[in-house]
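See structure below.
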Number of protein chains: 2
Amino acid sequence: MRGYLRDTVDEETGVGTLRPWEALVVDAVGNLIEFWNFKRNQGRVWALLYLRGRALTAAQIQSTLGLSKGAVSMLVRELEQWCVVVRVRSPHDDAWRFAAETELMKMIGRVISERERGLVQSVREDLERAERIAKDDDDVPREVLDRLRRMRTLAVFVEKALKVFVDTARFDAIGVLDVLRDKTPRN
Amino acid sequence: MRGYLRDTVDEETGVGTLRPWEALVVDAVGNLIEFWNFKRNQGRVWALLYLRGRALTAAQIQSTLGLSKGAVSMLVRELEQWCVVVRVRSPHDDAWRFAAETELMKMIGRVISERERGLVQSVREDLERAERIAKDDDDVPREVLDRLRRMRTLAVFVEKALKVFVDTARFDAIGVLDVLRDKTPRN
DNA sequence: GTTGCGGTTCAATCTGTCTTGAACTACATA
DNA sequence: TATGTAGTTCAAGACAGATTGAACCGCAAC
């Protein structure tokens with residue numbers, strides 16, 4: 001909720017500024033991403049970079065979003081690890097610049113495949129282990145085993161669904177998703 | 001992480017107990033649900049009730065999972081609000097008992113439709129608003145408007161996808177999901 | 001070497017959330 | 001009315017995680 005009201009002059013290489021509509025986007029993404037268990041400010045940084053469409057320096061990000069030096073350093077590093085932001089440095093530039101990954105679907109696909117799937121998978125494994133132990137236990141009623149099986153089935157189901165999604169996103173198989181790619185501003 | 005090591009005698013109406021394999025399930029669900037932005041203990045309570053397959057009293061839940069009186073009261077109330085647990089009281093019983101909703105898909109469908117969709121929807125709305133404002137602004141470059149449009153398209157897309165999922169879950173349209181319903185322990 | 005700048009690190013701090021436990025309500029029963 | 005049990009509430013405390021800010025490193029220019 002920091003840089004919400006900022007909307008001052010934008011002199012290149014100077015103090016960053018955020019227009020109201022930009023703030024709207026940046027915070028919308030921040031909220032969404034926060035629910036998805038990332039840091040709100042990670043979402044805000046990515047959204048800013050994506051909106052601007054060019055690489056910004058850490059200092060620009062810092063002043064535009066009203067973050068601290070340390071915070072920006074951490075946030076961009078984390079975003080880099082998710083391959084959601086890349087760090088670039090042109091020859092005669094004396095500062096790193098950060099740019100947003102623009103292929104939305106691939107980006108989401110990657111995150112899901114690396115994070116969500118791991119989680120679902122480990123839950124599925126725990127359920128399977130529990131099921132095995134319970135089966136060896138004589139006094140576990142049939143219906144309980146049934147419920148265990150149902151939970152496991154669900155986990156497997158979700159795991160498969162995520163895989164389908166990830167693959168779809170990766171190959172951009174469906175034409176519909178095309179609108180989401182850069183370089184194809186049809187309409 | 002409380003009742004992890006407990007595994008003592010289970011004398012009806014007495015102090016609750018949790019077998020190792022039960023703890024495994026309860027915690028797996030707890031972890032999953034925590035990532036889904038619910039409280040870990042909400043997941044644990046639901047999992048316990050689902051596993052046991054019968055209605056338990058607050059006191060039983062409390063001692064089995066090692067929670068406080070107040071916590072159980074809050075947790076079950078919240079779970080009730082999500083229609084994930086129901087509160088029942090038989091004629092001559094002097095305590096409420098809590099039972100888990102057993103239709104996994106419908107349960108998840110309901111949660112998604114009430115929570116996730118609302119979130120995605122409000123993000124979509126913010127993006128639309130930003131887009132409108134930006135369009136009225138002369139010096140917003142074409143590509144920026146394009147990126148805004150792409151984000152909005154994605155939000156719309158996700159919103160639709162969730163709707164499909166929710167409807168599918170609600171009507172149990174696909175036969176595959178049948179395995180997940182109660183009363184149909186095929187295989 | 002030293003000054004300046006970009007960037008990182010990390011202990012301390014802050015923040016927001018969950019949990020606790022004691023006080024309280026409601027409603028039995030004696 | 002007094003006593004007991006089930007359940008709720010909520011202020012206080014505990015906790016986890018995010019954020020800060022100052023010290024620090026590396027490097028280039030002087």
Side-chain angles (χ1 to χ4, degrees), chain A residues 1-4 13-16 27 30-31 33-46 49 55-82 85-99 115, chain B residues 1-4 13-16 27 30-31 33-46 49 55-82 85-99 115:
Chain A
M1 278 301 165
R2 280 307 180 68
Y4 213 102
T13 343
V15 171
D27 287 327
N31 292 336
I33 229 55
E34 186 175 34
F35 247 72
W36 211 256
N37 248 300
F38 287 92
K39 294 183 197 164
R40 170 187 173 70
N41 280 331
Q42 288 175 341
R44 302 213 310 141
V45 169
W46 176 85
L49 297 177
L56 301 186
T57 64
Q60 288 171 328
I61 297 171
Q62 179 184 344
S63 66
T64 308
L65 296 182
L67 303 169
S68 71
K69 207 174 180 240
V72 172
S73 177
M74 288 212 40
L75 292 170
V76 295
R77 177 153 43 84
E78 290 153 0
L79 289 172
E80 274 182 280
Q81 286 164 353
W82 287 107
V85 151
V86 284
R87 176 186 302 238
V88 293
R89 172 125 65 168
S90 340
H92 297 293
D93 198 343
D94 57 348
W96 287 105
R97 286 170 184 273
F98 302 91
R115 213 189 55 170
Chain B
M1 278 302 165
R2 281 305 180 68
Y4 213 102
T13 344
V15 170
D27 287 327
N31 292 337
I33 230 54
E34 186 175 33
F35 248 72
W36 211 255
N37 248 302
F38 287 91
K39 295 181 195 162
R40 172 187 170 73
N41 280 331
Q42 288 174 342
R44 302 212 310 141
V45 169
W46 176 84
L49 296 177
L56 302 187
T57 65
Q60 288 171 326
I61 296 172
Q62 179 184 345
S63 67
T64 307
L65 296 182
L67 302 169
S68 71
K69 205 172 179 243
V72 172
S73 176
M74 290 214 37
L75 293 170
V76 294
R77 176 152 45 82
E78 291 154 359
L79 290 173
E80 273 183 279
Q81 285 164 353
W82 288 107
V85 150
V86 284
R87 176 187 301 240
V88 293
R89 171 124 68 167
S90 342
H92 298 294
D93 199 344
D94 56 348
W96 287 105
R97 285 170 183 273
F98 302 91
R115 213 187 58 169

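Because only heavy atoms are used, hydrogens play no part in the values below, and waters and symmetry mates are left out as well, while side chains stay in.
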Quick one: are A/Val86 and A/Phe98 in side-chain contact, heavy atoms under 4.5 Å? no
Does any non-hydrogen side-chain atom of B/Glu34 lie less than 4.5 Å from one of B/Lys39?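 The answer is no, as the side chains (C-beta and beyond) never meet within the 4.5 Å cut-off.
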DNA chain D: 5'-proximal contact among B/Phe98 and A/Ser68 (nearest heavy atom):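 In this pair, the answer is B/Phe98.
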Please confirm whether the shortest side-chain N or O distance from [X] to OP1 or OP2 of [N] is below 4.0 Å.
| X | N | answer |
| --- | --- | --- |
| A/Arg44 | D/dA18 | no |
| B/Arg77 | D/dT9 | yes |
| A/Asn41 | D/dA18 | no |

Distance in angstrom units between [X] [atom1] and [N] [atom2], rounded:
| X | N | atom1 | atom2 | result |
| --- | --- | --- | --- | --- |
| A/Leu75 | C/dT8 | CG | C1' | 13 Å |
| A/Leu67 | D/dT20 | CG | C1' | 11 Å |
| A/Leu79 | C/dT8 | CG | P | 13 Å |
| B/Ile61 | D/dA6 | CD1 | P | 14 Å |
| B/Glu78 | D/dG7 | CD | C1' | 15 Å |
| B/His92 | C/dA28 | NE2 | C1' | 14 Å |
| A/Gln62 | C/dG7 | CD | P | 10 Å |
| A/Asp94 | D/dG26 | CG | P | 19 Å |

Who passes side chain to side chain donor-acceptor pair (under 3.5 Å) against A/Arg87, sequence neighbours left out?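 Counting only residues at least two positions away or on another chain, A/Arg87 forms a side chain to side chain donor-acceptor pair (under 3.5 Å) with A/Glu80.
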Whether the side chain of B/Lys69 and the base of D/dG7 hold a donor-acceptor pair under 3.5 Å is what I'd like checked.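 Result: at least one qualifying N/O pair found.
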Mind checking ring pair (Phe, Tyr, Trp, His ring centres under 6.0 Å) for A/Phe35 and listing every partner two or more places apart, or none if nothing turns up? none
Contact class for A/Ala58 vs. all strands (heavy atom < 4.0 Å): base, sugar-phosphate, or nothing? sugar-phosphate
Which part of the nucleic acid, if any, lies within reach of A/Ala71 when heavy atoms closer than 4.0 Å are counted: base, sugar-phosphate only, or nothing? base
Candidates C/dG21, C/dT9, D/dA18 - which lies nearest the side chain of A/Ser73: C/dT9
Counting only side-chain heavy atoms from C-beta out, which of D/dT19, C/dT9, D/dT8 sits nearest to A/Lys39? D/dT19
Kindly state whether the ring of B/Trp36 and the ring of A/Trp36 have centres lying under 6.0 angstrom apart. yes
So which one's nearest nucleotide on DNA chain C is more toward 5', A/Arg89 or A/Met74? A/Arg89
